Amino acid sequence: MTAVNSRLLKSFALGVLTAGLAVAPMMAAAQTTSTPVLMMPAPSTLSLSAAGEVAATPDMATIHFAVVTQSGTASGAMKANSVKMNEVMAALKAAGIATKDIQTSNLNLNPQYNYADGQAPKLTGYQAQNQITVRINDLNQTGTVIDAVIKAGINQVDSINFGLKNDDAVLDQARQNAVATLLKRANLYATATGMKVKRIISIEEGGPVYNQPQPMMFRAKAADASTPVSAGELQLSVNVSATFELEK
């Protein structure tokens, strides 16, 4: 090996060694300056539900009537029913009920059988039933309307339900009552555990619900005096659920 080649090899080896020494501290610095990952604790939460209730006086009623007729033939039962129902419709209009407030809700025609022990059922005739739903916008007319349709041929009253023509304002008051109850309870629980309410994470509504006595079905007979009807009071309720975040 010549003297020139020997010097070149030494210079190359020295350069590699120097470069290696320079890179090593940079790698070590990169490893020691990485940002640590911090695990944040999950927030403390509280989930509650509350019902807001408001009492309201009804201003409308919905009545479900039926005309029930029987005959030895299907056509005879339907014809008799149609005659009576036309008279009922005329009576409703005469009582001031608008056509838009009268709706046929169900129409049935069923065979009638006589069941005797040890014998096959024997067809005795047919029963036709025409059910209508009537909306009454003036509660003072309720008893009068019932009397009018009974005299016209209605022989079954299925139910009477009372309600409100516009329940927006009442329901909004029920919602406010529910939220006020939720906030009161949330602060109570938070204080009892040494914490305080930070914010509402979520809120959901269920309802509304109208609470009134369950109407009874009864067979109607011609009335000699006006049928007394008491609307009473409606209880409207809205259920609200919320999740709160608590903090120390």
Side-chain angles (χ1 to χ4, degrees), residues 25-64 98 100-106 131-140 142 157-217 229-248:
M26 293 178 62
M27 294 179 63
Q31 294 176 354
T32 58
T33 59
S34 61
T35 303
V37 177
L38 298 178
M39 298 298 293
M40 299 298 293
S44 298
T45 60
L46 173 65
S47 296
L48 296 172
S49 295
E53 295 186 351
V54 175
T57 301
D59 58 8
M60 55 84 64
T62 303
I63 306 180
H64 302 275
K100 65 181 179 64
D101 293 325
I102 306 171
Q103 180 183 37
T104 298
S105 53
N106 203 5
Q131 295 175 314
I132 61 172
T133 299
V134 177
R135 176 187 172 102
I136 301 177
N137 293 305
D138 181 0
L139 289 183
N140 293 325
T142 305
V157 179
D158 294 318
S159 65
I160 302 176
N161 297 308
F162 298 99
L164 300 171
K165 298 172 188 174
N166 188 343
D167 58 6
D168 290 344
V170 178
L171 290 176
D172 283 346
Q173 182 60 54
R175 293 182 179 104
Q176 292 178 11
N177 293 347
V179 172
T181 301
L182 278 176
L183 292 172
K184 181 179 178 180
R185 291 179 182 172
N187 284 302
L188 185 150
Y189 282 114
T191 302
T193 55
M195 305 184 79
K196 62 181 180 179
V197 176
K198 180 179 180 181
R199 64 188 180 102
I200 297 178
I201 298 176
S202 65
I203 188 166
E204 296 181 1
E205 177 186 317
V209 176
Y210 285 76
N211 299 311
Q212 59 180 328
Q214 183 66 31
M216 300 297 291
M217 183 183 76
V229 177
S230 177
E233 206 173 52
L234 287 174
Q235 294 289 331
L236 282 75
S237 65
V238 175
N239 193 71
V240 179
S241 300
T243 299
F244 299 86
E245 181 179 350
L246 306 181
E247 64 180 359
K248 287 289 187 179

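Atom set for the values below is all heavy atoms of this structure, side chains included, hydrogens, waters and symmetry mates excluded. Bear in mind the structure is a predicted one, so any value in this text is a computation, not a measurement.
For the atom pair CG of Leu236 and CG of Asp167, the computed distance is 6.5 Å after rounding to the nearest 0.5 Å. Atom-to-atom distance recorded for Ile136:CD1 and Ile63:CD1 is 3.5 Å, nearest 0.5 angstrom. Separation of atoms CD (Gln103) and CZ (Arg135) is listed at 11.5 Å; rounding is to 0.5 Å. For the atom pair CG of Leu182 and OG1 of Thr243, the computed distance is 10.0 Å after rounding to the nearest 0.5 Å. Remark: Met60 CE to Phe162 CZ distance equals 10.0 Å, nearest 0.5 Å. To the nearest 0.5 angstrom, Thr133 atom OG1 is 11.0 Å from Ile102 atom CD1.
Among all heavy-atom pairs drawn from Thr57 and Leu164, the shortest one is O-CD2, 3.3 Å. Heavy-atom minimum distance, Ser49 versus Asn239: CB-ND2, 4.3 Å. Nearest heavy-atom pair across Ala51 and Ala178 is C-CB, 4.1 Å. Between Leu234 and Pro58 the shortest heavy-atom distance is CG-CG, 3.7 Å.
Applying the salt bridge (Lys or Arg N to Asp or Glu O under 4.0 Å) criterion to Lys198, with sequence neighbours excluded, gives Glu245.
The list of side chain to side chain donor-acceptor pair (under 3.5 Å) pairs with a residue in residues 169-180, not counting sequence neighbours, reads Asp172-Arg175, Gln173-Asn177, Arg175-Glu205.
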Original post:
What do the steps show when you test Asp59 against Asn166 for side-chain contact (heavy atoms from CB on, under 4.5 Å), and what is the final call?
Top reply: CA-CA 9 Å; Asp59 58 8; Asn166 188 343; over 6 Å; no
Item to complete: For side chain to side chain donor-acceptor pair (under 3.5 Å), just list the numbers for Asn161 and Tyr210, CA-CA rounded to whole Å, side-chain angles, deciding distance to a tenth of an Å, and then say yes or no.
Response: CA-CA 10 Å; Asn161 297 308; Tyr210 285 76; over 6 Å; no
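A heavy-atom distance below 4.5 Å is found between the side chains of Ile203 and Val179. Inter-residue side-chain proximity for Tyr189 and Leu246 is flagged as unmet; no heavy-atom pair is nearer than 4.5 Å. His64 places a side-chain heavy atom less than 4.5 Å from the side chain of Thr62. Side-chain contact between Thr193 and Leu46: absent, with no pair of heavy atoms (C-beta onward) separated by less than 4.5 Å.
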